[in-house]
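Just below is one structure, and these are the notes that go with it.
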Amino acid sequence: MSVEFEPGIQAYLDKIRETVAIHPTPRNIEERRRNTDRTHSVWRRPAPDTIDIVNWWVNLPGREVPIRIYRRKDVKGPAPVVIYLHGGGFVASSYDTHDTITWGLAEATGAIVVSVHYRRAPENPYPAAPDDCFGVLQWVHRNGDWLDADVSRMAVVGDSAGGCLAAALTMQTRDRGGPPLLLQALLYPGIDPIKNRPSHKREADPMLRADMMDYFWDAYLPGQRHTLDPIAAPIRATRFDGLPPAFIAVGEYDPLHDESVEYTRLLREAGIPTEFHLVPKSIHGFLRARFVSPGASATFDALATAIRSALGSSAPPTSTTP
């Protein structure tokens, strides 16, 4: 299917094509991860010196979960917290590949951003990733003093597969008695393992193809893609009441467009305030293009505004974005 991309998105794609082939077919999981890391590195920018960054590990039963903590240097006293869950199809990416997004959120919101490098499939299929994310959230809640954080003001943000984990985390906190979350921000979330919606079949987005989606879900939910478990597939939940307000954004040509629209409808029907952003002529993972795409930049700004509003945090005194 031939489509016209927003000029900034086209420039984003062109630079990736010039630097690396877009998603050449990998022969094994290690090659798939290297391809993903190379693609994501093309538009990565280093954090400004106004951001403190610390790499840490959260000790959970039988494992350590790496995290990266971002905090704006001018923010004094206990700050609210954003838990960030990266995408990568449950099998790839890390807090390194999403660093430009996460330091940007710390800069734009004044919140402490905790980026979680959860265990990945296929070595660690479901429920390893949501278990790690919930464990890290509990750890943050217990260690507010050490983090100099106000853990009564927390939100979760996730993109793509991380959007699935973020949606699942809100259900885990509701059903397991907290810790409470004040906002869920789901960026082009992959929340439905059954790929039979019209947008799944459109093949308009070079960043996410049908064969890739099948591989990701088969690795994450081997033999279980028809599951009704809402932690594995949030769109299959039977109830959406009691969840935090939501911010959902998706590109017009993203194959995950239809499930994002459907999830917005389900939340709104349950009475959950939900802010929905459709980004015209855009693609999966568009937030990485915010330095060249007006649509991506505007959506990033809207996301930061939603976080500040939910958590009562502050914009930077002056822009330091390079």
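What you see below is based on every heavy atom in this structure, not just the backbone, and it leaves out hydrogens, waters and symmetry mates.
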- Message: Determine whether a donor-acceptor pair (N or O, by modelled atom type, separation under 3.5 Å) exists between the side chain of Asn59 and the backbone of Glu64.
- Response: no
- Task: Flag yes if more than 12 heavy atoms outside Glu4 fall under 6.0 Å of its CD atom; otherwise flag no.
- Result: no
- Backbone of Gly87 reached by a side-chain donor or acceptor of Asp159 within 3.5 Å: yes
- Heavy atoms only: give me the nearest Glu203-Ala210 pair and the separation to one decimal. OE2-CB, 3.2 Å
- Charged tip of Arg288 within 45° of Trp103 ring normal and under 6.0 Å: no
- Does Ile16 belong to the same Ile/Leu/Val/Met/Phe/Trp/Tyr cluster as Val3, with side-chain heavy atoms less than 4.5 Å apart forming each link? yes
- Item | Salt-bridge present (Glu252, Arg202; N to O < 4.0 Å) | no
- Query: Do Thr274 and Ile248 have side chains that get closer than 4.5 Å, going by heavy atoms?
  - Reply: yes
- Query: For the atom pair CE (Met154) and CD1 (Ile112), what is the distance rounded to the nearest 0.5 Å?
  - Reply: 11.0 Å
- Could you tell me the separation between the CG atom of Leu256 and the CG atom of Asp192, rounded to the nearest 0.5 Å? 9.5 Å
- Item | Partner residues of Asp211 under the side chain to side chain contact (heavy atoms under 4.5 Å, CB included) criterion, sequence neighbours left out | Arg209
- Is the shortest side-chain N to carboxylate O distance from Lys76 to Asp148 below 4.0 Å? no
- Please round to the nearest 0.5 Å and tell me the distance separating atom CG of Leu267 and atom CD of Glu275. 13.0 Å
- Can you check whether Ser293's main-chain N or O pairs, donor with acceptor, with Ser297's side chain at less than 3.5 Å? no
- Message: Using every non-hydrogen atom in the two residues, find where Val113 and Ala106 come nearest and quote the distance to one decimal.
- Response: CG2-N, 3.6 Å
- Query: Less than 4.0 Å between a side-chain N and a carboxylate O, is that true for Arg265 and Glu262?
  - Reply: yes
- Task: May I have the step-by-step check of side-chain hydrogen bond (donor to acceptor under 3.5 Å, both in side chains) for His226 and Gln224, ending in yes or no?
- Result: CA-CA 5 Å; His226 289 272; Gln224 303 178 68; over 6 Å; no
- Message: Apply side-chain hydrogen bond (donor to acceptor under 3.5 Å, both in side chains) to residues Thr227 and Asp229 and explain how you reach the verdict.
- Response: CA-CA 5 Å; Thr227 182; Asp229 179 351; 5.0 Å; no
- Query: Ring centres of His257 and Tyr188 under 6.0 Å apart?
  - Reply: no
- Query: Is there a donor-acceptor contact under 3.5 Å from the side chain of Asp132 to the main chain of Arg119?
  - Reply: yes
- Note on the structure: Minimal heavy-atom distance between Gly88 and Ser93, with the atoms involved, is CA-OG, 3.7 Å
- Task: Give the cluster check for Tyr12 versus Val42: same hydrophobic cluster or not, with ILVMFWY residues linked at side-chain heavy-atom distances below 4.5 Å.
- Result: yes
- Just do the salt bridge (Lys or Arg N to Asp or Glu O under 4.0 Å) check on Asp175 and Arg239 with the steps written out, would you? CA-CA 11 Å; Asp175 297 341; Arg239 53 181 289 247; 3.6 Å; yes
- Message: For Asn196, is there any backbone N or O sitting under 3.5 Å from a side-chain donor or acceptor partner on His200?
- Response: yes
- Task: Apply the test salt bridge (Lys or Arg N to Asp or Glu O under 4.0 Å) to residues Asp218 and Arg225: give CA-CA distance (whole Å), side-chain angles for both, the deciding distance (0.1 Å), then the verdict.
- Result: CA-CA 7 Å; Asp218 286 341; Arg225 284 179 63 175; 3.1 Å; yes
- Item | Between CG on residue Leu183 and CG on residue Leu181, distance to nearest 0.5 Å | 9.0 Å
- Query: Should Arg120 and Glu30 be marked as a salt bridge (Lys or Arg N to Asp or Glu O under 4.0 Å) after you check the CA-CA gap, both sets of side-chain angles, and the distance that decides it?
  - Reply: CA-CA 12 Å; Arg120 301 176 297 185; Glu30 291 79 14; over 6 Å; no
- Is there a salt bridge (Lys or Arg N to Asp or Glu O under 4.0 Å) between Arg68 and Asp99 once you walk through the steps? CA-CA 9 Å; Arg68 180 169 289 168; Asp99 186 71; 3.3 Å; yes
- Could you give the distance from SG (Cys164) to CG (Leu186), rounded to the nearest 0.5 Å? 9.5 Å
- Message: Less than 6.0 angstrom from the centroid, inside 45 degrees of the normal: does Arg32 satisfy that with respect to the ring of Tyr215?
- Response: yes
- Message: Determine whether a donor-acceptor pair (N or O, by modelled atom type, separation under 3.5 Å) exists between the side chain of Thr299 and the backbone of Gly295.
- Response: yes
- Message: Test of understanding: clusters of I, L, V, M, F, W, Y form through side-chain heavy atoms closer than 4.5 Å, transitively. Do Leu147 and Val116 belong to the same one?
- Response: yes
- Item | Aromatic ring proximity Trp56/Trp146, centre distance under 6.0 Å | yes
- Task: Flag yes if more than 12 heavy atoms outside Asp241 fall under 6.0 Å of its CG atom; otherwise flag no.
- Result: yes
- Group every Ile, Leu, Val, Met, Phe, Trp and Tyr by side-chain heavy-atom contacts under 4.5 Å, then state whether Phe134 and Tyr95 land in the same group. no
- Is the backbone of Ser314 close enough, under 3.5 Å, to the side chain of Arg72 for a donor and an acceptor to pair up by distance? yes
- Verify the distance criterion only: is there a donor paired with an acceptor across the side chains of Ser41 and Arg38 at less than 3.5 Å? no
- Item | Minimum heavy-atom distance His284-Ser160, with the two atoms named | NE2-OG, 2.8 Å
- Query: So, for Ser115 and Tyr70, which heavy atoms are closest and what is the spacing to 0.1 Å?
  - Reply: CB-CE1, 4.1 Å
- Query: Is a donor on one side and an acceptor on the other found under 3.5 Å between the side chain of Arg308 and the backbone of Ala108?
  - Reply: yes
- Looking only at heavy atoms, what is the nearest atom pair of Leu311 and Val81, with distance? CD1-O, 3.7 Å
- Message: Given 3.5 Å as the limit, does a donor-acceptor pair link the side chain of Gln10 with the main chain of Glu6, or not?
- Response: no
- Identified side-chain contact (heavy atoms from CB on, under 4.5 Å) counterpart of Thr109 within the set Leu303, Ile307, Val75: Ile307
- For the pair Arg290 and Thr100, evaluate side-chain hydrogen bond (donor to acceptor under 3.5 Å, both in side chains) and give the outcome as yes or no after the intermediate values. CA-CA 10 Å; Arg290 77 179 192 273; Thr100 302; 6.0 Å; no
- Tyr220/Tyr126 aromatic ring centres below 6.0 Å: yes
- Message: Please check this pair: side chain of Asn143 against backbone of Trp139, looking for a donor-acceptor N/O pair closer than 3.5 Å.
- Response: yes
- Message: Just checking His86 against Tyr118, ring centres under 6.0 Å apart?
- Response: yes
- Message: What's the separation between atom CG in Leu228 and atom CD1 in Ile235, rounded to the nearest 0.5 Å?
- Response: 12.5 Å
- Message: In terms of relative ring orientation, are Tyr253 and Phe5 parallel, tilted or perpendicular, with 30° and 60° separating the classes?
- Response: perpendicular
- Answer yes if the ring centres of Trp43 and Phe291 are under 6.0 angstrom apart, and no otherwise. no
- Query: With respect to Arg44, which candidate in Asp96, Asp37, Ile101 satisfies the side-chain contact (heavy atoms from CB on, under 4.5 Å) definition?
  - Reply: Asp96
